[in-house]
Amino acid sequence: MAEKTLSGDVYYPTEEVINHANANCEELYSSAENDYEGFWAKEAENLLWFDKWDKVLDDSNKPFFKWFINGKTNICYNCLDVHLNTPHRNKLALIWEGENGDFRTYSYFALHREVNKFANVLKSLGIQKGERVTIYMGRVPELAIAMLACARIGAIHSVVYGGFSVEALHERIDDSQSKVLITADGAYQRGKIVELKKISDEALQRAATVESVVVVKRTGHEINMEPGRDMWYHDLMALPIANNSHNVEIMDAEDPLFLLYTSGTTGKPKAILHVHGGYMVGIYSTLKYVFDIHEDDRFWCAADPGWITGHSYIVYGPLLNGATSFMYEGAPTFPYPSRWWQMIEKYGINILYTAPTAIRGLMRYGEAWPNRHDLSSLRLLGTVGEPINPEAWRWYYKVIGGERCPIMDTWWQTETGMFMITPMPCVPLKPGSGTKPFPGLKVDILDEEGNPVKPNEEGFLVIKTPWPAMLRTIWNDPDRYIEQYWGKYPGMYLTGDSAKRDEDGYYWIIGRVDDVLKVSGYRLGTAEIESALVSHPAVAEAAAIGLPHEVKGNAIHAYVILRTGHSKSDKLIEELRQHVGHEMGPIAKPEHIEIVDSLPKTRSGKIMRRVLKAKALGVDPGNISTLAE
Ligand code: WT7
């Protein structure tokens with residue numbers, strides 16, 4: 001066991017945790033350190049390749065890195081087919097519980113069958129390799145089936161989070177030029193129905209590329225079905241064309257797998273592009289080592305498949321590892337704050353991976369709710385999405401993990417595809433720190449000029465080594481890819497986060513340094529919220545900022561200048577909130593909207609959100625020499 005020499009509040013791994021771990025992590029660190037490409041090659045060899053790669057990494061055209069050159073594979077084949085001739089065939093791949101108590105399970109055999117059938121359906125709708133399919137659903141098994149079926153035929157999926165609304169969906173369909181939209185009649189959330197089909201219909205009035213809409217029946221309530229365009233999923237799956245045999249599309253390692261839209265510094269959300277080969281290897285290995293996945297594990301990533309966390313660690317990662325993934329449709333507190341704990345007991349969940357905002361939200365209801373349930377199946381815990389405050393960490397550790405489960409605080413991004421700064425079970429933990437980079441990764445914290453900062457000083461977090469699951473580009477915008485991620489410090493990937501490193505080399509993420517907000521762990525751009533506000537006829541100009549919030553981490557506050565002819569009223573403010581909800585989704589609704597006569601701007605007309613934030617918090621705004629007035 002490691003010598004207990006670290007400073008601060010440290011939780012050393014127990015013998016039990018270390019002995020159980022599926023790898024010796026000191027060895028992983030040193031082997032990746034000694035031969036980085038060799039480390040990843042060895043990992044890739046655990047997966048199936050129709051043709052082996054000639055070269056692990058091609059960095060001849062930086063920053064467009066390529067991995068597993070000329071390797072041929074298919075991530076769906078590795079998630080499903082490879083398990084069929086093993087004892088995994090009849091093992092559960094997916095367990096699902098609906099918010100209303102509905103329940104379904106899929107063995108690897110059954111999931112493979114459903115995916116094959118749906119792959120044939122997509123083919124019959126005319127979808128070909130390289131074409132885009134938008135998926136807009138709640139958390140239901142068909143979402144995973146649709147993603148895997150796209151991967152199987154080489155189509156590029158673009159999942160839009162089911163909590164987004166009309167304009168957010170329209171924008172993403174339009175930018176990706178999707179021919180097919182897969183959605184559902186609705187989704188259950190907090191006992192209510194989210195009108196996914198109605199929102200889709202409205203979005204499709206604004207988007208021209210979609211030819212067919214496949215609708216999963218989830219709630220059974222009345223919806224509009226457009227003749228000639230809309231088809232029920234279950235009807236299509238009952239057609240002879242939807243048979244169980246499908247030859248998988250052989251994909252180059254660098255062929256696109258999916259687009260996932262995320263918020264950046266300016267303007268519209270951008271589509272991050274991930275590929276079949278490197279992404280597959282990266283998430284397979286990170287999940288295996290960080291969450292110590294074993295044969296009989298039931299793994300619950302409580303995120304939404306509409307975000308990268310769900311892509312990598314609800315759908316693809318667990319299946320690549322032959323584990324059982326658990327998916328829950330609804331809200332954590334519905335109908336009671338014990339819902340999660342009840343399901344952990346009922347399904348014998350071994351690993352729970354969630355976000356600080358969920359932990360803080362559940363913590364408010366007190367210990368009695370979790371204490372009424374047997375949570376002894378849990379072995380490991382995880383957190384992601386924003387820095388976890390030590391108080392929430394300790395509650396999670398003590399009340400949920402029974403002081404026996406280490407907490408993997410995984411720092412990563414949509415762009416990174418996989419965990420980047422993260423402990424492994426054998427790493428001593430410090431509440432609030434993601435500990436160290438994953439084996440082989442070189443990470444640094446730099447000042448404005450590009451010099452590494454001293455211990456405990458804040459700076460820009462950068463990544464200095466390429467990694468297999470890295471984004472390949474921004475769809476349709478390679479210049480923005482270069483500029484946004486590789487422009488500030490040549491040769492280094494800019495994360496957009498600020499961080500500190502302590503005297504033990506442990507990393508502490510502070511937060512975003514750009515105009516990106518993390519609200520309840522969701523990533524939103526101030527620009528998107530502002531453009532939703534400005535699309536309302538009463539609004540001339542808008543500025544959005546994030547202010548600290550006890551449960552959400554950040555809450556959205558917006559400042560609005562009205563057009564002439566409109567006057568301030570509580571009714572209008574509420575209407576503006578609803579409007580943002582309708583255009584963007586409930587998560588983007590500002591907590592507070594203030595109507596103002598002017599906004600602080602630079603002389604070049606850029607809104608100084610930093611000044612608004614300082615004013616709202618009653619602190620010194622710092623350097624305001626560029627302020628126009
Ligand atoms: C941003 C990326 C892929 C994970 C889900 C979010 C913040 C993420 C942590 C963590 C502190 C974190 C960062 C990052 N973040 N994980 N463990 N500790 N901050 O992916 O939506 O692309 O957001 O989330 O600010 O840049 P995302």
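Every number for a ligand or one of its atoms is a count from 1 in the order of the listing. Each residue takes its place number in the sequence, starting with 1.
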Is the distance between the ring centroids of Tyr481 and Phe64 under 6.0 Å?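 When the ring centroids of Tyr481 and Phe64 are compared, they turn out to be within the sub-6.0 Å range.
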Is the centre of the Trp340 ring less than 6.0 Å from the centre of the Phe326 ring?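 That pair fails the under 6.0 Å test.
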Cationic N near anionic O, under 4.0 Å, [X] to [Y]:
X      : Y      : answer
Lys488 : Glu448 : yes
Glu43  : Lys288 : yes
Glu503 : Lys454 : no
Lys270 : Asp175 : no

With the threshold set at under 4.0 angstrom, would you say Gly385 reaches ligand 1 through any of its heavy atoms?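 True for this residue.
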Could you check whether any heavy atom of Trp412 sits closer than 4.0 Å to an atom of ligand 1, since that is the contact criterion I want to use?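 Under 4.0 Å: yes for Trp412.
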With Lys436 as the cation and Tyr29 as the aromatic partner, state whether NZ or CZ is under 6.0 Å from the six-membered ring centre and within 45° of the axis.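 Geometry flag: set, cation within 6.0 Å and 45°.
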Can you name the atoms of ligand 1, numbered from 1 with element, that are less than 4.0 Å from a heavy atom of [X]?
X      : result
Ile509 : 11 (C), 19 (N)
Asp409 : 10 (C), 17 (N), 18 (N)
Asp497 : 13 (C), 14 (C), 25 (O), 26 (O)
Arg523 : 2 (C), 21 (O), 22 (O), 23 (O), 27 (P)
Thr414 : 20 (O), 21 (O), 22 (O), 27 (P)

Looking only at protein heavy atoms, identify the closest one to atom 5 (C) of ligand 1 and say how far it is in Å.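 It is Thr309 OG1, 3.3 Å.
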Of all the non-hydrogen atoms in the protein, which one sits nearest to atom 6 (C) of ligand 1, and at what distance?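 Heavy-atom neighbour on the protein nearest atom 6 (C) of ligand 1: Lys518 NZ, 3.3 Å.
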Heavy-atom pairs closer than 4.0 Å: do any link ligand 1 to the side chain of Gln413, the backbone, both, or neither?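 For Gln413, backbone and side-chain atoms both sit under 4.0 Å from ligand 1.
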With heavy atoms under 4.0 Å as the rule, classify the contact between Thr410 and ligand 1 as side chain, backbone, both or neither.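 For Thr410, the contact with ligand 1 is made by the backbone alone.
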Closest non-hydrogen atom pair, Asn22 against Ile293: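 Closest pair (atom of Asn22, atom of Ile293, distance): ND2-O, 3.1 Å.
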Counting heavy atoms only, which of Gly521, Gly432, Gly417, Pro387 is nearest atom 11 (C) of ligand 1?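 Among Gly521, Gly432, Gly417, Pro387, the closest heavy atom to atom 11 (C) of ligand 1 belongs to Pro387.
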Minimum non-hydrogen distance to atom 4 (C) of ligand 1, winning option of Leu461, Leu260, Leu524, Val384: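 Answer by nearest heavy atom: Val384.
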Flag Arg512 as yes when one of its N or O atoms lies below 3.5 Å from any N or O atom of ligand 1, and as no otherwise.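 Yes.
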Between OH on residue Tyr493 and OG1 on residue Thr416, distance to nearest 0.5 Å: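 Those atoms lie 6.5 Å apart.
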